[in-house]
Amino acid sequence: KRFWYHIHHPEWRAALDTDALAYMKIGQEIGELARQTFPEGVLLPFSPTDKALSATQAALAGDAPVLFEASFAAEGLQARCDILERNADGTWTLIEVKSGVRVKEPDHIEDVAFQAIVLRAAGLRIRDYRLMHLDKEYAHEGGNYDPVRIFQSTDITGMVLETIPRLAADLDAVRALAAQNDAPDFQPNTYCRDCDFREKCHKDVPSGGLWQLPGINVNSVRKLASQGLRVLDDVTSAEQLSPTNRLAYRVISGKQDFTDPELIKQLDRLPGPIGFVDFEAIDPALPRFVGHHPYERVPFQWSLHVIPDADSAQQPEWRDYLHTDRSQDPRIAFAATLWEAVQDCNSLVFYSDYEVTTLKMLRDAGVPYGRELHEKIKAVGYDLFKAIKGKTYWNSFNGSYSIKNVLPAVNPAVSYNDLNVKNGAVAVQVYEEYLDPATSPERRAAIIDDLRTYCQLDTYAMLALYQGFRAAVPGWAPAAVRD
DNA sequence: CAGTCGCGCCCGTGTGCATA
DNA sequence: TATGCACACGGGCGCGACTG
């Protein structure tokens, strides 16, 4: 259905968010770097389409050894290739560039197989298929990246040839789908959550669909639909659902929130002083610091709110660190300052295990205090997300356990709305901007303020969650009515 | 007595969700 | 884009019971 909308109503597509734009930018950057591997390559225009196609035909007829962004059209299909390399015998090698660190099946293979179908139909003979992706072993030496060594090239000819017949068979169905006048009648499912046509597509869909249950999967929704269960009202007994979906179902259908009494007991018993901790980090595809590898995580900021004990009426104490020296590896000072700051904490509260994973990475990279920090968080850490997921559910969570949904439900007074940086993904982009040599000192100062404000609110929000859950009625309680 | 069927358990794989 | 975790699902396999 999404595909049909793409063809017939592209104008309904939601605008790309900053997140998506950032990934596209990375993709382009990687693409340009990959082209540098072939200094003799010729970059072809890719719009408008007729110009792109004619330029490609002219280049094929010429003698350029390597073509970038060659465009093809055949049998109603269009494809563009990152890199085409001419072989001595008149055949071609098709090279697809991906910005990840490994071949991802089946996505990458199908992507190339589709191009292969179009190119073959257009009369090209392709000898082999390769996928270029980043090499995790590459260590940045400062200065410009070495385009030859930063990439790994994998021969995927076998997998592509295997995939072509299956994909070609599917294409008939796809053509028929594209040609039909009305949108196909697919039932809403979990994957609708991040579809860029959701707003238009779902405007007439009645609420109450099973796919709204947090954690339910595509297959379960289909299976239940085949038994005639389409919406929550069709369910007559919670036993019809898998154990993980039962709590949310009972809460929604009974309009009663459930707070796990065990959760409150655990929160009451956390030994003080209790620290609420949050990190910000970048995972840059292209390493920013000497010795770093593609996608190696670089934590650059932490925030910590500390209360002396569970029942303390005192104001929480706030400490933080933000790395501002662009010439130094942020991880060193990050770890050293954090280790100092958490010394007196007997509990460390965080939301999802991102913090633990990040410290594990510091440990494995041999960063001083990385091992100590990882051991400490393993010993005294408390994952608030893990503690509530599937065990506590309120109607006001609206189908998600993300802190963006849970926080306003538990404590509506704490809000990210007035911030310049409202979420982690933006924090990452803003820090990349900070690192950029072209950024002005004034902008840098503003970025520092925004990042500190954001990260501070993140840990304050966790403290608010902690207090909010402790104050909640354990067990079943009437859902709060909010408008 | 031997072959087969069915049930339950284990484990690998896939999916969903969270974080940045 | 990466990472990790937890759970659902399905295939493989073992064992007990039933049947010809």
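Within every chain, numbering begins at 1; the chains are lettered A, B, ... in the order of the sequence lines, protein sequences first and strands thereafter.
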Go through [options] for me and flag the one nearest to the [X] side chain.
| X | options | result |
| --- | --- | --- |
| A:Tyr23 | C:dG4, C:dA8, C:dT1 | C:dT1 |
| A:Asp458 | B:dA20, C:dG4, B:dT19 | B:dA20 |
| A:Lys223 | C:dC9, B:dT19, B:dA20 | C:dC9 |
| A:Ser402 | C:dG4, B:dT19, C:dT3 | B:dT19 |

Of all residues at least two apart in sequence or in a different chain, which pass the salt bridge (Lys or Arg N to Asp or Glu O under 4.0 Å) check with A:Glu262?
->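 Partners of A:Glu262 under the salt bridge (Lys or Arg N to Asp or Glu O under 4.0 Å) test: A:Lys265.
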
[N], OP1 or OP2 - any side-chain N/O from [X] closer than 4.0 Å?
| X | N | result |
| --- | --- | --- |
| A:Lys136 | C:dT3 | yes |
| A:Thr244 | C:dA8 | yes |
| A:Ser220 | C:dC9 | yes |
| A:Tyr454 | B:dA20 | yes |
| A:Arg102 | C:dT3 | yes |

Can you check whether [Y]'s main-chain N or O pairs, donor with acceptor, with [X]'s side chain at less than 3.5 Å?
| X | Y | answer |
| --- | --- | --- |
| A:Asp458 | A:Asp278 | no |
| A:Tyr249 | A:Leu210 | no |
| A:Arg326 | A:Thr324 | no |

Can you spot which of A:Asn405, A:Thr259, A:Asp257 makes a side-chain hydrogen bond (donor to acceptor under 3.5 Å, both in side chains) with A:Trp394?
->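 Testing each of A:Asn405, A:Thr259, A:Asp257 against A:Trp394, the sole residue satisfying side-chain hydrogen bond (donor to acceptor under 3.5 Å, both in side chains) is A:Thr259.
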
From the list A:His133, A:Arg130, A:Arg102, side-chain hydrogen bond (donor to acceptor under 3.5 Å, both in side chains) with A:Thr154 holds only for A:His133

In B/S/- notation, 5' to 3', how is nucleotides 9-16 of chain B contacted by protein heavy atoms closer than 4.0 Å?
-> ------SS

Separation of atom [atom1] in [X] from atom [atom2] in [N], rounded to whole Å:
| X | N | atom1 | atom2 | result |
| --- | --- | --- | --- | --- |
| A:Lys360 | C:dC5 | NZ | P | 5 Å |
| A:Leu362 | B:dA20 | CG | C1' | 14 Å |
| A:Asp364 | C:dA2 | CG | P | 18 Å |
| A:Lys104 | C:dT3 | NZ | P | 12 Å |
| A:Ile403 | B:dT19 | CD1 | C1' | 10 Å |
| A:Asp107 | C:dA2 | CG | C1' | 15 Å |
| A:Leu359 | C:dG4 | CG | C1' | 14 Å |
| A:Glu296 | C:dT3 | CD | P | 11 Å |

With the threshold set at 4.0 Å, does a side-chain nitrogen-carboxylate oxygen contact exist between A:Asp196 and A:Arg2?
-> yes

Residue mapping more 5' on DNA chain B - nearest nucleotide basis, A:Tyr354 or A:Gly399 = A:Gly399

If you look at every strand shown and take non-hydrogen atoms under 4.0 Å, does A:Ala281 touch a base, only sugar-phosphate, or nothing?
-> sugar-phosphate

Which comes earlier along DNA chain C counting from the 5' end, the contact point of A:Thr357 or that of A:Pro243, where each point is its nearest nucleotide?
-> A:Thr357

Find which nucleotide of DNA chain C each of A:Asp353 and A:Val101 is nearest to by heavy atoms, and output the residue with the more 5' nucleotide.
->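 Looking at the nearest nucleotide for each, A:Val101 comes out on the 5' side.
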
For residues 371-385 of chain A, which residues have at least one heavy atom under 4.0 Å from DNA chain C?
->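 Heavy-atom cutoff 4.0 Å gives no residues at all.
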
Parallel, tilted or perpendicular: rings of A:Phe397 and A:Tyr401 (30°, 60°) | perpendicular

Assign the ring pair A:Trp476 / A:Phe258 to parallel, tilted or perpendicular, where the plane angle (0 to 90°) is split at 30° and 60°.
->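 Rings of A:Trp476 and A:Phe258: tilted, 30 to 60°.
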
Report, as yes or no, whether the 6.0 Å neighbourhood of atom CG on A:Asp418 holds more than 12 heavy atoms from other residues, nucleotides or ligands.
->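 Open.
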
For A:Phe279, the option from A:Tyr354, A:Phe334, A:Tyr351 that meets ring-ring contact (aromatic ring centres under 6.0 Å, His included) |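 It is A:Phe334; the other options fail the test.
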
